[in-house]
Amino acid sequence: MSQSNNVEKKAMEESICPKNGMCTFEVIKKQTFRIASKFGDTYPEFSNSTKTLLKFEYVRNPIPDVQDSSYRELIYVEIDNDIETLELEDIDLTKAKVSFGRLCFCRGQTGYYPVKEGKLLISKIDNGMYRFVLDFKVNEVPQVVTRIEEQFSL
């Protein structure tokens, strides 16, 4: 696990991550974001805030001898620092800015999208530790990761 200033990042267990890649989970303090759009492309725009961002990233291993085979999925969730429990479902996921990003060389199927279908549960375990569970689906583009389960501290 690496930690710098307001960011805590750790690799996730193989049982959570698809076997053909690597996954990380980050806690980024004092940040907020929004999905911005320019020339038809969507991307995250970050700024300072009193909120905390939870970031999950899946990076698929490159395919040997295939150019432009890189593939990444990113999921962002924004929470309050004094959170005890958070339970959101479907369209209410937008209250926590739950967003899915797909980055690859797949024309017309990349970008960032608000997640409007699924269930998020964040609950305090003890001593600043939290349990994070997100089951979700995006309809705009194909996805590999549909469930994230992790523990983190604030």
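FYI, the numbering just counts along the sequence from 1.
In this structure, Y71 and P62 have side chains that are not in contact, with every pair of non-hydrogen atoms separated by 4.5 Å or more. Side-chain atoms of F152 and M129, non-hydrogen and from C-beta on, never get closer than 4.5 Å to each other. Put simply, the side chain of V133 does not reach to within 4.5 Å of the side chain of L120, judged on heavy atoms. Side-chain atoms of L53 and V27, non-hydrogen and from C-beta on, never get closer than 4.5 Å to each other. E87 places none of its side-chain heavy atoms less than 4.5 Å from the side chain of E89. Between L74 and F56 there is no side-chain heavy-atom pair separated by less than 4.5 Å.
Separation of the F46 and Y76 ring centroids falls under the 6.0 Å cut-off. Under the 6.0 Å cut-off for aromatic ring centres, F25 and F132 qualify, their centroids lying closer than that.
Between the side chain of Q143 and the main chain of V145, a donor-acceptor pair closer than 3.5 Å is present. Side chain of T52 to backbone of K29: no donor-acceptor contact under 3.5 angstrom is found. Remark: the backbone N or O of I75 is not paired with any side-chain donor or acceptor of E57 at under 3.5 angstrom. With hydrogens and angles disregarded, no donor-acceptor distance shorter than 3.5 Å links the side chain of N81 to the backbone of L154. Remark: the backbone N or O of Q109 is paired with a side-chain donor or acceptor of R102 at under 3.5 angstrom.
The only member of K51, K97, E45 that meets side-chain hydrogen bond (donor to acceptor under 3.5 Å, both in side chains) when paired with T32 is K97.
Heavy-atom minimum distance, Y113 versus I35: C-CD1, 3.7 Å. Residues F33 and S99 share a closest heavy-atom pair of CZ-OG, 3.5 Å. Of all heavy-atom pairs spanning L88 and L93, the tightest one is O-CD2, 3.8 Å.
Under a 4.0 Å N-O distance rule, the pair R147/D135 qualifies as a salt bridge. Taking 4.0 Å as the cut-off between side-chain N and carboxylate O, E149 and R131 count as a salt-bridged pair. Ion pairing between K116 and D90 fails under the 4.0 Å rule for side-chain N and carboxylate O.
In this structure, N127 places its CG atom where only 12 or fewer heavy-atom neighbours from other residues, nucleotides or ligands lie under 6.0 Å away.
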